[in-house]
Amino acid sequence: MPDLTGGFVALLGLEFGEVSGHKVVIRWRVRPELHQPHGIQHGGVYCAVVETAASVGGSHWLGDKGRVVGVSNQTDFLRAVREGELTAVGTPVHRGRSQQLWQVEITDEAGRLVSRGQVRLQNLPPA
């Protein structure tokens with residue numbers, strides 16, 4: 001299974017709640033170092049969290065039958081956020097023999113949708 005504590009995950013400050021092949025929940029705090037020049041959450045952070053949630057969930061679902069890689073990430077930015085905690089919830093749309101499609105919704109502390117995305121994963125044989 002993927003490392004959920006170091007590297008890019010640690011850099012972004014992501015904290016994992018539920019992690020399974022059916023649902024992934026990630027929380028993080030919006031911080032100035034994650035802002036774009038206008039003082040709001042950088043869209044690349046949303047893309048990275050969407051991809052992370054899908055990849056972690058897809059990896060858990062596939063298990064020891066292989067590994068997954070992202071082949072497409074479509075993320076929409078819906079509401080500007082300057083501060084606070086955000087929560088991403090990823091769930092599968094389709095899980096097939098060769099590919100998976102996951103959707104991820106990101107909400108703020110008030111439960112408002114701030115970003116949403118989907119990631120298509122390719123299922124690969126074990127390395």
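Note that this is a predicted model, so its numbers are computed, not measured.
Without hydrogens or angle criteria, Asn123 side chain to Gly96 main chain gives a donor-acceptor distance under 3.5 Å. Of the possible donor and acceptor atoms, none in the side chain of Arg29 sits under 3.5 Å from a partner among the backbone N and O of Leu14.
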What verdict does the side chain to side chain contact (heavy atoms under 4.5 Å, CB included) test give for Val50 and Ile106, after you've listed the backbone C-alpha separation in whole Å, the side-chain angles of each residue and the deciding distance to 0.1 Å? CA-CA 8 Å; Val50 165; Ile106 300 172; 4.1 Å; yes

Test side chain to side chain contact (heavy atoms under 4.5 Å, CB included) applied to Val114 and Tyr46, step by step: CA-CA 9 Å; Val114 300; Tyr46 294 127; 4.1 Å; yes

Decide side chain to side chain contact (heavy atoms under 4.5 Å, CB included) for Thr52 and Phe16; before the verdict, give the C-alpha distance in whole Å, the side-chain angles of both, and the deciding distance to 0.1 Å. CA-CA 11 Å; Thr52 299; Phe16 289 81; 3.9 Å; yes

Walk me through it: do Val68 and Gln100 pass the test side chain to side chain contact (heavy atoms under 4.5 Å, CB included)? CA-CA 9 Å; Val68 300; Gln100 300 180 50; 3.6 Å; yes

Worked verdict on Gln122 versus Gln99 for side-chain hydrogen bond (donor to acceptor under 3.5 Å, both in side chains): CA-CA 5 Å; Gln122 185 72 40; Gln99 291 192 342; 3.1 Å; yes

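At a threshold of 4.5 Å between non-hydrogen side-chain atoms, the residues Leu101 and Gln118 count as touching. Annotation: side chain of Leu86 is in contact with side chain of Gln41 (closest heavy-atom distance under 4.5 Å). Residues Leu113 and Glu105 are in side-chain contact: their nearest non-hydrogen atoms beyond the backbone lie under 4.5 Å apart. Ser115 is not listed as a side-chain neighbour of Leu78, based on a closest heavy-atom distance of 4.5 Å or more. Considering only heavy atoms from C-beta on, Val56 comes within 4.5 Å of Val19 through its side chain.
Between the side chains of Arg95 and His22, at least one donor N or O lies within less than 3.5 Å of an accepting N or O. No donor-acceptor contact under 3.5 angstrom links the side chains of Trp102 and Glu51, judged on distance only.
Scored by the side chain to side chain contact (heavy atoms under 4.5 Å, CB included) test, Val89 finds Lys23, Val25, Thr87, Thr91 as partners (sequence neighbours excluded). Applying the side chain to side chain contact (heavy atoms under 4.5 Å, CB included) rule to Ile40 yields the partners Gln36, Ala80, Arg82; only residues at least two apart in sequence or on another chain are considered.
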